[in-house]
Amino acid sequence: MSMNVAIVAGPFLGLTMLQFTSFKMLFLSLGILMTLGMFFATIVKAPEEEQQVTKHEKRRISIHDIFEIKALPIAIIASLVAFSYSGIISFISVYANTLDLTAVSGYFFVIFAIVMIVTRPTLGRAFDSRGPTFVIIPSLLIFAFGLLVLSFTETAGILLLSAGLIGLGYGSLLPSFQTMAVQSTTFKRSGHATATFYTMYDIGVALGTYTLGILVTGIGFQAIYILCALLVVIVIALFGFYQFVHASKEKQREQ
């Protein structure tokens, strides 16, 4: 949940700060936060794995030292979700400004965070007891619907409604996909799986921000959010196919 809270608290605090201070002070504050993060990282104690390497064995770096191939399919699916989500974190304030809703744009992330925090524990238990499909498919549908509502926003109430829907839908996707990435491999490779997942997630956000930023100048914000909703629908099909292939492999192993 910490990652989810961070990615919604950050935009809210950033938009709030810009009402009282400059971009220079904002980025200075972010630099201080990163410095604190580096400090806390140095005091985290984690056991190191002992690797036995013979004198004549040469250590070669391969793709397996960087990525966990088994986690890559679900990480790519997550990156497409991140692509759609980038349209929110990157452009929601500008979109709200075009609708004369700048005053409530910061509260978008407040509603987002509240709904996500309230529902996440219940959905997390459902993931453990009922399986990923039970949580992820409805979450994707709600996320897509929230994006559609956002695209047709005209009033503050509809904007905040879309925030609640997106918080409910998207809030459980990131941790659910990450859990599946870790579960796709062995315990010793869980660190590689996590790194693979967040690498693809960040790539999705970066590509989404860049691509949607180009498209929005030609087709507008409404069309952008409709396209993002359609992409989430495509993700539903891809996830269903992934689950089908995974289930087929499991049956073959049992036989």
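Atoms OG1 and CD1, on Thr179 and Ile136 in that order, are 8.5 Å from each other to the nearest 0.5 Å. Atoms CZ and OG1, on Phe40 and Thr35 in that order, are 11.5 Å from each other to the nearest 0.5 Å. With rounding to the nearest 0.5 Å, the separation of CZ in Phe112 from CD1 in Ile117 is 10.5 Å. The CE atom of Met34 lies 13.5 Å from the OG atom of Ser29; values are rounded to the nearest 0.5 Å. One finds the CD1 atom of Ile224 at 11.5 Å from the CG atom of Leu147 (value rounded to the nearest 0.5 Å). Between the CZ atom in Arg125 and the CZ atom in Arg120 there is a gap of 10.5 Å [rounded to 0.5 Å].
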Checklist line | From CA spacing to verdict: side-chain contact (heavy atoms from CB on, under 4.5 Å), Ile226, Phe152 | finding: CA-CA 9 Å; Ile226 292 175; Phe152 292 103; 4.2 Å; yes
Check: Can you list the steps and then say if Leu212 with Cys228 is a side-chain contact (heavy atoms from CB on, under 4.5 Å)?
Finding: CA-CA 9 Å; Leu212 296 177; Cys228 288; 3.8 Å; yes
Note to self: side-chain contact (heavy atoms from CB on, under 4.5 Å) for Phe83 and Val205? Distances and angles first, verdict last.
What the structure shows: CA-CA 5 Å; Phe83 187 101; Val205 171; over 6 Å; no
Next item on the list: Evaluate the criterion side-chain contact (heavy atoms from CB on, under 4.5 Å) for residue pair Leu141 and Ile236; output intermediate values, then yes/no.
Entry: CA-CA 8 Å; Leu141 287 171; Ile236 294 174; 3.4 Å; yes
Next item on the list: Please test Phe177 against Phe197 for ring pair (Phe, Tyr, Trp, His ring centres under 6.0 Å), starting from the C-alpha separation and ending with a verdict.
Entry: CA-CA 8 Å; Phe177 284 137; Phe197 174 83; 7.3 Å; no
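Using a 4.5 Å heavy-atom cutoff, the side chains of Leu159 and Ile92 are in contact. Between Val149 and Ile158 the shortest side-chain heavy-atom distance falls below 4.5 Å. Between Phe23 and Met17 the shortest side-chain heavy-atom distance does not fall below 4.5 Å. Side chains of Val81 and Val232 form no contact here, defined as non-hydrogen atoms less than 4.5 Å apart. Side chains of Val216 and Val94 form no contact here, defined as non-hydrogen atoms less than 4.5 Å apart. The shortest side-chain heavy-atom distance between Met116 and Leu168 does not fall under the 4.5 Å cut-off.
Using modelled atom types, one finds no donor on one side chain facing an acceptor on the other under 3.5 Å when comparing Tyr201 with Gln178. Side-chain polar atoms of Gln222 and Ser151 form no donor-acceptor pair below 3.5 angstrom. Side-chain polar atoms of Ser90 and Thr209 form a donor-acceptor pair below 3.5 angstrom.
Scanning both residues, Glu68 and Thr196, for their nearest heavy atoms gives N-OG1, 2.8 Å. Nearest heavy-atom pair across Val115 and Gly167 is CG1-C, 4.1 Å. The two residues Ala156 and Leu101 have their closest heavy-atom pair at N-CD2, 3.8 Å. In plain terms, the two heavy atoms of Phe108 and Ile166 that are nearest each other are CZ-CD1, 4.0 Å. The heavy-atom pair separating Gln243 from Pro132 by the smallest distance is NE2-CG, 3.7 Å. Across Ala144 and Ala229, no two heavy atoms sit closer than the pair O-CB, 3.5 Å.
Linking Ile, Leu, Val, Met, Phe, Trp and Tyr whenever their side-chain heavy atoms come within less than 4.5 Å leaves Ile77 and Val245 in two separate clusters. No path of Ile, Leu, Val, Met, Phe, Trp and Tyr side chains, each step under 4.5 Å between heavy atoms, connects Leu33 with Ile89, placing them in separate hydrophobic clusters. Taken together through direct or relayed side-chain contacts under 4.5 Å among Ile, Leu, Val, Met, Phe, Trp and Tyr, Leu26 and Phe109 form parts of separate hydrophobic clusters. Taking hydrophobic clusters as Ile, Leu, Val, Met, Phe, Trp and Tyr residues chained together by side-chain heavy-atom distances below 4.5 Å, Leu72 does not share a cluster with Val182. Linking Ile, Leu, Val, Met, Phe, Trp and Tyr whenever their side-chain heavy atoms come within less than 4.5 Å leaves Val233 and Leu215 in two separate clusters.
By the 6.0 Å contact criterion, CZ on Phe145 is open, its count of non-hydrogen atoms from other residues, nucleotides or ligands being 12 or less. Other residues, nucleotides and ligands place more than 12 heavy atoms under 6.0 Å from the OH atom of Tyr198.
Between the Thr153 side chain and the Leu150 main chain, a donor and an acceptor come within less than 3.5 Å of each other. One N or O on the side chain of Ser190 and one on the backbone of Phe187 form a donor-acceptor pair closer than 3.5 Å.
Ring centers of Phe91 and Tyr225: at least 6.0 Å apart, outside the cut-off. Aromatic rings of Phe134 and Phe127 (six-membered ring for Trp) have centroids beyond the 6.0 Å cut-off, not under it.
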